[in-house]
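In what follows, a single structure is set out as structure tokens and then discussed.
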Protein chains: 2
Amino acid sequence: MSLRHAALGLLSAGPASGYDLLKTFEISLAEVWPATQSQLYGELGRLAKEGLVRVVSEGPRGRKEYEITEEGLAELRHWLVEVAPNLSRRNDMLLRVFFLDQVDADAARGYLERLAQQAVHEHDQLRGVRESVISQGDDALRMYGDIALEWGLRLTAAQRDWAEWAAARVAALEQQKAGHAAAE
Amino acid sequence: MSLRHAALGLLSAGPASGYDLLKTFEISLAEVWPATQSQLYGELGRLAKEGLVRVVSEGPRGRKEYEITEEGLAELRHWLVEVAPNLSRRNDMLLRVFFLDQVDADAARGYLERLAQQAVHEHDQLRGVRESVISQGDDALRMYGDIALEWGLRLTAAQRDWAEWAAARVAALEQQKAGHAAAE
DNA sequence: CAGCGACATTCCATTAGTGACATGTCGAAA
DNA sequence: TTTCGACATGTCACTAATGGAATGTCGCTG
């Protein structure tokens, strides 16, 4: 149930409408905690009913500006440091690896090589983001964004290395088997 | 919708009952694709109805032994190499990092240090698994299990390094601020 | 042979997440 | 001035996942 905390977190930076938050979810938070409108608007309603956020003003087009309340802030801080992060570990990519013996070595190697390429691509994109962000200053405010970005960079680098290593292992086994076959 | 593929994957290694599969989900697949009984039994029923698996025998206690069919195997192979892995990117731990500026530097540092400790712990556990597995031979059959294990080892190592680095950065900023305060 | 623990399945209520549709308003540009 | 795209919210149907309860059987051990 972290969508609510994501919403609270965004509102902790200042009041915003559901529409505003949605934009942030699509842009900044898409890689970490994607959300659809239906979910977000629903959650905002619930948060308001529970008093963790409050409607501060109604703008044009029925726009409702939400503000985080003291209770909301308390809940956010509580969640941040006192609630154990549940490492939601579902990993489609890794699940496939377990069953890769169901396809031939060529296909398996292809899969792993594609993973490596994807990792390189994502890594490059993140580097691009860092370049574009590095120009505008204020170290203190940007720190946690930087730290998150660094996580992405390290993860994609590790993923690339691993996938390349794995592809090489599969290739080595392929070779070995080919050798055996030739020797018979 | 990968639960079905996880089930198919497990059944590709040989017939088993829902109960058997559940054990595997709890033990081997828990870190990659957890599943509850309600989900698994439901999915097995659906898979059977669609002809991807088949009940081969009914044992004592109403036990139903499922076997993967040709269609099931085809679907599994298709999924393995032709369907784009959706990197399910929801990450509770990283989401918190974005909002860590809502707590003081000490608490933030504490959070990151705990992450590092957890990563070390998980890394050690995985090393234990590797040690216990390394004794029984057959390189070829174990390869993909090894590759998956290696992923875990590399990921936890990277996570530890990152968390330590991040904690140090937060500490550095803390120092810097303390210096500023003293200078005033 | 009594009883218990492992085996084994089914069902249900609830929450989280997806995707699409419906509805309407405002502001700027052609 | 009309019209179009961005703004803005709400709702619905559906699937995936969680967690727990209910129900019963088999096989071993005291």
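Just the heavy atoms: all of them, side chains too, but no hydrogens, waters or symmetry mates, feed the values below. Remember, predicted model here, so these are calculated numbers, not experimental data. So you know, we letter chains A, B, ... as the sequences are listed, proteins then strands, and number each from 1.
- Using a 4.5 Å heavy-atom cutoff, the side chains of B:Trp162 and B:Leu112 are in contact.
- A:Glu75 and A:His5 are linked by a side-chain donor-acceptor pair at a separation below 3.5 angstrom, with hydrogens and angles left out of the test.
- Proximity of residues 46-67 of chain B to DNA chain D (heavy atom under 4.0 angstrom from any strand atom) is restricted to B:Pro60, B:Arg61.
- Taking the 5' to 3' direction, DNA chain D first and last meets chain B under 4.0 angstrom from a heavy atom at D:dA16 to D:dC26.
- Rounded to whole angstrom, the span from the CZ atom of A:Arg90 across to the P atom of C:dG17 amounts to 11 Å.
- If you check residues 37-44 of chain B against DNA chain D, the residues with a heavy atom closer than 4.0 Å are B:Gln37, B:Ser38, B:Gln39, listed by number.
- With hydrogens and angles ignored, the 3.5 Å screen pairs a side-chain donor or acceptor of B:Arg77 with a backbone N or O of A:Gln102.
- Across A:Ile147 and B:Ala166, no two heavy atoms sit closer than the pair CG2-CB, 3.6 Å.
- Rounded to whole Å, atom C1' of C:dT9 lies 13 Å from atom CG of B:Asp20.
- When side chains are defined from C-beta on, B:Tyr66 does not count as touching B:Leu47, because their heavy atoms never get closer than 4.5 Å.
- Taking the side chain as every heavy atom from C-beta outward, B:Thr24 and B:Asp20 never approach each other to under 4.5 Å.
- Between A:Glu43 and A:Arg46 there is a salt bridge, since a side-chain N of the basic residue sits under 4.0 Å from a carboxylate O of the acidic one.
- In this structure a side-chain-to-backbone donor-acceptor pair under 3.5 Å is missing from B:Ser2 to A:Asp92.
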